[in-house]
Amino acid sequence: MCSRDYKLPIEARQSDKTLEAVVLRAGLFSSRIYDLQGMRKEAADTMEHVFLCATRVALSTDASLDFIEVKMADVLTGATITLWRYVPDIRDSMYQRIGDTEYFNRLVIEIDPGKPAAASDATSDSSSPLSHPKGHSSGPSDLLWDKPLTMSEFLAKQIISRARREGAETIQAHADLSDPATLAVVIENWPSIEEEGPDHVAKVTDSVHKSAQEVLKGYRFRGFQEMTLRDAQGTALGSWTL
């Protein structure tokens with residue numbers, strides 16, 4: 001479908017209940033600012049077209065699908081942009097069971113800046129961060145397939161993503177779900193947040209807590225019993241019962 005409608009070569013697969021698509025491009029960002037505003041228009045258009053095709057497949061197939069994942073990777077730098085959607089959210093939006101703002105807030109996007117290849121090797125195929133070791137013939141996309149997403153992982157990603165939109169713009173964080181009953185959010189840049197003062201600290205922690213409450217209530221998810229915040233060194237920053 002992507003090839004026919006948009007002349008886009010991609011690779012796709014179903015992994016458990018996730019429909020995954022990988023597309024490779026040369027150049028995703030127009031500057032060294034790695035965010036959505038810094039995306040090249042052509043890259044943004046490509047992401048949209050692949051997602052639309054994946055959506056059409058997910059809504060028309062008899063296969064049991066919970067998630068769509070679209071990953072776009074820069075063959076020059078290894079930078080990636082990954083988008084996730086929960087398939088029932090798409091249906092709920094179509095039938096106006098959730099509003100446009102809530103539908104937007106349920107979108108999860110993660111950006112990894114990657115590591116630029118050495119300038120002196122920029123023209124060599126082996127210099128690409130997505131290249132396999134010499135002697136291995138598998139395609140670059142083999143390096144990009146993610147393991148099937150769980151509902152807990154998706155909601156944890158969405159909580160962090162929503163917190164960024166709702167007051168914790170500077171937060172750099174990831175979730176630790178090693179204890180299935182605990183949503184542990186690890187704030188990687190806590191020292192820089194503390195430097196902004198106690199008001200900013202309160203704003204960030206409140207945003208993450210509020211985001212968790214909104215997301216878990218919206219999905220009626222009961223898998224997490226507790227939420228904790230900690231810094232990259234493991235120091236506890238706060239905890240709440242969910």
Side-chain angles (χ1 to χ4, degrees), residues 18 28-29 31-38 67 69 71 73-74 77-84 86 105-118 129-130 143-219 221-242:
T18 300
L28 299 184
F29 300 96
S31 66
R32 291 185 179 275
I33 300 175
Y34 298 100
D35 57 21
L36 294 180
Q37 287 70 37
F67 302 103
E69 176 184 323
K71 184 185 293 289
D74 190 330
T77 68
T80 60
I81 304 171
T82 309
L83 175 155
W84 288 273
Y86 184 50
N105 283 335
R106 292 185 178 195
L107 172 68
V108 176
I109 296 178
E110 289 185 356
I111 295 175
D112 182 346
K115 296 180 180 179
L130 302 182
L143 299 174
L144 298 168
W145 297 121
D146 293 322
K147 66 182 180 65
L149 195 67
T150 67
M151 193 65 182
S152 295
E153 291 169 335
F154 174 73
L155 294 181
K157 289 177 182 294
Q158 188 181 136
I159 286 166
I160 294 171
S161 179
R162 189 181 292 226
R164 290 194 184 103
R165 298 186 187 115
E166 298 181 354
E169 299 89 351
T170 61
I171 191 175
Q172 297 173 16
H174 68 273
D176 176 2
L177 302 181
S178 53
D179 178 354
T182 301
L183 169 60
V185 177
V186 181
I187 302 181
E188 301 156 10
N189 63 329
W190 184 252
S192 65
I193 291 173
E194 281 190 310
E195 289 177 359
E196 296 293 324
D199 288 346
H200 187 63
V201 166
K203 181 180 179 182
V204 169
T205 55
D206 288 349
S207 294
V208 177
H209 182 211
K210 179 183 176 183
S211 174
Q213 291 177 312
E214 291 175 346
V215 170
L216 300 180
K217 179 180 179 181
Y219 285 90
F221 185 76
R222 298 291 183 265
F224 297 132
Q225 305 303 313
E226 181 185 22
M227 176 182 179
T228 64
L229 294 184
R230 65 175 187 259
D231 65 15
Q233 285 68 48
T235 303
L237 305 173
S239 64
W240 300 268
T241 300
L242 296 173

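- The aromatic rings of F154 and F67 sit tilted, their planes meeting at an angle between 30° and 60°.
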Verify side-chain contact (heavy atoms from CB on, under 4.5 Å) between I160 and V108, making sure each step is shown before the conclusion.
-> CA-CA 9 Å; I160 294 171; V108 176; over 6 Å; no

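- A 4.5 Å side-chain heavy-atom check between E196 and S192 finds every atom pair outside the cut-off.
- Note: L229 CG to T205 OG1 = 7.0 Å, rounded to the nearest 0.5 Å.
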Begin with the C-alpha distance, continue with both residues' side-chain angles, and end with the deciding distance and a verdict on salt bridge (Lys or Arg N to Asp or Glu O under 4.0 Å) for K210 and E166.
-> CA-CA 9 Å; K210 179 183 176 183; E166 298 181 354; 5.1 Å; no

Can you give me every donor-acceptor pair (side chain of residues 233-242, partner residue at least two apart or in another chain, under 3.5 Å) with its distance?
| unit_1 | atom_1 | unit_2 | atom_2 | d |
| --- | --- | --- | --- | --- |
| W240 | NE1 | H209 | ND1 | 3.4 |

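- Residues Q158 and Y219 are in side-chain contact: their nearest non-hydrogen atoms beyond the backbone lie under 4.5 Å apart.
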Atom pairs and distances, donor-acceptor, side-chain atoms in residues 176-187, under 3.5 Å, two or more places apart:
| unit_1 | atom_1 | unit_2 | atom_2 | d |
| --- | --- | --- | --- | --- |
| D176 | OD1 | S178 | N | 3.0 |
| D176 | OD1 | S178 | OG | 2.9 |
| D176 | OD2 | R230 | NH2 | 2.4 |
| D179 | OD1 | A181 | N | 3.1 |
| D179 | OD2 | T182 | OG1 | 3.1 |

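- Looking at I81 and F29, their side chains come closer than 4.5 Å, going by heavy atoms from C-beta outward.
- In this structure, V201 and I193 have side chains that are in contact, with non-hydrogen atoms separated by less than 4.5 Å.
- L149 CG to Y86 OH: the interatomic distance, rounded to the nearest 0.5 Å, is 11.0 Å.
- Side chain of N105 to main chain of R162: no donor-acceptor pair is present (N/O by atom type, distance under 3.5 Å, no hydrogens or angles).
- For D74 (side chain) and L28 (main-chain N/O), a donor-acceptor pair under 3.5 Å exists by modelled atom type.
- Screening K157, E110, E188 for a side chain to side chain donor-acceptor pair (under 3.5 Å) involving H174 leaves a single residue, E188.
- Inter-residue side-chain proximity for D146 and K71 is flagged as met; some heavy-atom pair is nearer than 4.5 Å.
- Counting all heavy atoms, side chain and backbone alike, P113 lies closest to T77 at O-OG1, 4.2 Å.
- Taking both residues in full, the closest heavy atoms of G218 and R106 are given as O-NH2, 3.5 Å, listed atom of the first, atom of the second, then distance.
- Between A163 and S211, the shortest heavy-atom contact is N-OG, 3.5 Å.
- A donor-acceptor contact shorter than 3.5 Å links the side chain of Q225 to the backbone of R222.
- Considering every non-hydrogen atom in both T80 and A73, the closest pair reads CG2-CB, 3.9 Å.
- When all heavy atoms of V204 and I171 are compared, the pair lying nearest together is CG1-CD1, 4.2 Å.
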